[in-house]
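Reading through the structure tokens given below for one structure.
Protein chains get the first letters and strands the later ones, always in sequence-line order, with residue 1 at the start of each. Reckoned from all heavy atoms, side chains included, excluding hydrogens, waters and symmetry mates.
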Amino acid sequence: MEIPFMALAELCEKLEETSKRNLMVSVVTAFLERLSPDEVEPAVSMILGRPFPRWSPRVLDVGWTTLTKIIRRLTKTNWKVFSQAFSETGDVGSAVKAVFEASKPYRQATLLEKPLTIMEVRRSFESIAEASGAGSREKRERLVEALLSAAEPLEAKYLVKILIGEMRTGFHEGLMELAVAKAFHVPLEDVQRACMMLGDVGEVAALLKTGGKEALSKVGFRVFRPVRLMMAQTAENVEEALREHGGETAFEYKFDGARIQIHKDGAAVRIFSRRLTDVTQSLPEIVELVQREVKAEKAILEGEVIAVDADGKPMAFQHLMRRFKRVRGIEETRRRIPVRLFLFDVLYLNGQSLIHEPYVERRRILSETSGEIPLANQLVTRNAQAAEQFLKMALDEGHEGLMAKRLDGDYTPGIRGKKWLKI
DNA sequence: GCTGATGCGTC
DNA sequence: GTCGGAC
DNA sequence: GTCCGACGACGCATCAGC
């Protein structure tokens with residue numbers, strides 16, 4: 001028996017009404033326990049306001065403008081109700097609920113249909129994401145319209161929130177990890193660790209549902225499955241960075257480019273962007289470079305690509321952007337806007353996770369693995385003046401500034417902490 | 001073919 | 001990427 | 001301290017409409 005989408009909508013409604021975290025976690029825990037294996041990942045994604053898992057390349061391509069048109073059509077003359085509800089609540093979902101309630105009579109025919117289920121909603125999202133080619137815009141609209149017209153007002157509220165990515169229930173990913181740990185009776189740390197590796201809490205939950213604890217303990221890095229990035233906080237100046245890192249730290253050039261995660265398995269190489277989308281196609285020379293230089297069978301590396309001019313000097317970020325989403329004319333743009341790669345971290349090497357190794361050790365391993373690929377210029381020092389000078393050098397060479405990396409810092413995927421500071 | 005609207009993704 | 005707010 | 005949402009500039013792809 002498939003769980004109705006209404007149950008998920010009611011759950012979200014409860015989450016929205018409270019700000020008590022323990023309460024939120026316990027209602028979600030109870031909900032997760034009711035789901036069948038197939039429903040777990042879709043439900044977890046939807047509760048977090050996402051139509052698909054985080055790493056999925058699928059996108060709905062439905063924005064606010066498109067949705068507005070559809071809702072107008074579905075609710076006919078009651079548009080004023082929407083505007084008023086929207087200005088009162090400031091919440092698109094609530095306004096949609098109000099207008100759906102007001103226009104029930106117009107939508108009578110649909111009330112006889114069977115209730116929507118979570119799985120049907122997921123399948124509908126898949127169809128919407130798949131639409132492409134001539135006529136796809138209209139097809140997408142029709143699919144969204146069909147989905148919404150099968151929905152009760154409360155369901156419509158949350159469908160719309162998921163469609164445009166504005167869940168705002170206050171139930172974020174960290175709390176979901178807690179709920180998953182409770183629902184499947186495993187330690188929170190194990191769930192967090194698996195989420196780092198798989199990049200998506202929904203997938204972790206699904207894994208627990210089908211394979212239990214054992215499956216969870218087997219989770220490790222998988223080449224070609226991108227890992228969430230470690231992020232930096234800001235520091236005012238080099239002194240603050242030194243102080244924060246206990247007197248001594250590693251400064252690295254911070255480049256005005258795009259951060260990439262490089263996965264290699266034999267001759268196969270794939271490149272992922274910051275948001276973990278696959279950008280391999282846009283950067284053919286990086287693929288070749290990695291194939292040629294990286295001295296490892298399997299590896300997950302991190303670096304920054306920047307655009308350079310004919311003399312190899314850094315160009316403004318906009319030039320790099322012209323390479324990124326490009327599908328056509330890649331070869332020509334490749335000649336016009338060359339890119340360079342600077343590596344700065346290694347997370348995984350030949351079957352071994354390195355994220356618990358300290359920064360200095362990872363950097364050492366990286367230097368032994370990277371062949372002729374340059375690493376980000378580095379200065380390990382406890383001297384503020386030397387650091388200042390290094391910063392000036394970076395800026396003079398046209399780069400953005402410096403990063404400061406704690407020498408004994410491990411790699412914490414998805415976390416923005418003080419182990420890395422940008423200056 | 002060209003142009004505008006729309007959505008997405010980078011920083 | 002930045003900022004400010006909520007907890 | 002940590003998380004989230006709102007914000008902005010820029011460039012590209014895709015489709016619709018001419």
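In terms of heavy-atom proximity, A:Trp420 sits nearest to A:His245 at N-NE2, 4.4 Å. The minimum heavy-atom distance between A:Val223 and A:Tyr348, with the atom names listed, is CG2-CE2, 3.6 Å.
Following rounding to the nearest Å, A:Arg140 (CZ) and D:dA13 (P) show an atom-to-atom distance of 17 Å. With rounding to whole Å, A:Met24 atom CE is found 12 Å from D:dC4 atom P. The CG atom of A:Asp91 sits 12 Å away from the P atom of D:dG5 (whole-angstrom rounding). The CH2 atom of A:Trp64 sits 14 Å away from the P atom of D:dC7 (whole-angstrom rounding). To the nearest angstrom, P of D:dC12 lies 11 Å from CD of A:Gln318. A:Glu141 has its CD atom 14 Å from the P atom of D:dC15, to the nearest Å. Taking atom CE of residue A:Met167 and atom P of nucleotide D:dC4, one finds them 14 Å apart after rounding to whole Å. Atom CD1 of A:Ile415 and atom C1' of D:dT2 are 9 Å apart (whole Å).
Figure legend: A:Arg225 and A:Trp55 shown as a cation-pi pair, the cationic atom lying under 6.0 angstrom from the six-membered ring centre and within 45 degrees of its axis. Judged by the 6.0 Å and 45° rule, A:Arg58 forms a cation-pi pair with A:Phe52.
Along DNA chain B, read 5' to 3', the first and last nucleotides having any atom under 4.0 Å from a heavy atom of chain A are B:dA5 to B:dC11.
The C1' atoms of D:dT2 and B:dC11 are separated by 22 Å, rounded to the nearest whole Å.
Nearest-nucleotide positions on DNA chain D place A:Gly417 closer to the 5' end than the other of A:Gly417 and A:Lys139.
For the 3.5 Å distance criterion, the side chains of A:Thr280 and A:Asp278 qualify, holding a donor opposite an acceptor. Side-chain atoms of A:Ser132 and A:Ser136 include no donor-acceptor pair closer than 3.5 Å.
When atom types are taken as modelled, the side chain of A:Arg323 and the backbone of A:Ser282 share a donor-acceptor pair closer than 3.5 angstrom. The backbone N or O of A:Glu372 lies less than 3.5 Å from a partner atom in the side chain of A:Glu293, making a donor-acceptor pair.
Listed by residue number, A:Met321, A:Lys325 are the residues of residues 321-339 of chain A with a heavy-atom contact under 4.0 Å to DNA chain B. Listed by residue number, the members of residues 168-180 of chain A with any heavy atom below 4.0 angstrom from DNA chain D are A:Arg168, A:His172, A:Glu173.
Shown are A:Glu173, A:Glu203, A:Glu41; of these, the salt bridge (charged side-chain N to carboxylate O under 4.0 Å, His left out) with A:Arg54 is made only by A:Glu173. Among A:Glu101, A:Glu166, A:Glu13, the single residue meeting the salt bridge (charged side-chain N to carboxylate O under 4.0 Å, His left out) criterion with A:Lys157 is A:Glu13.
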How does protein reach along nucleotides 2-7 of chain C, written 5' to 3' as B (base within reach of a heavy atom under 4.0 Å), S (only sugar-phosphate), or - (no contact)?
-> S----S
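Under the 6.0 Å cut-off for aromatic ring centres, A:Phe390 and A:Tyr253 qualify, their centroids lying closer than that.
Partners of A:Thr117 under the side-chain contact (heavy atoms from CB on, under 4.5 Å) rule, at least two apart in sequence or in another chain, are A:Glu2, A:Met119, A:Glu120. A:Gln378 pairs by the side chain to side chain donor-acceptor pair (under 3.5 Å) definition with A:Tyr359, not counting sequence neighbours.
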Steps toward salt bridge (Lys or Arg N to Asp or Glu O under 4.0 Å) verdict (A:Glu141, A:Arg73) = CA-CA 11 Å; A:Glu141 282 181 23; A:Arg73 275 211 296 268; 3.4 Å; yes
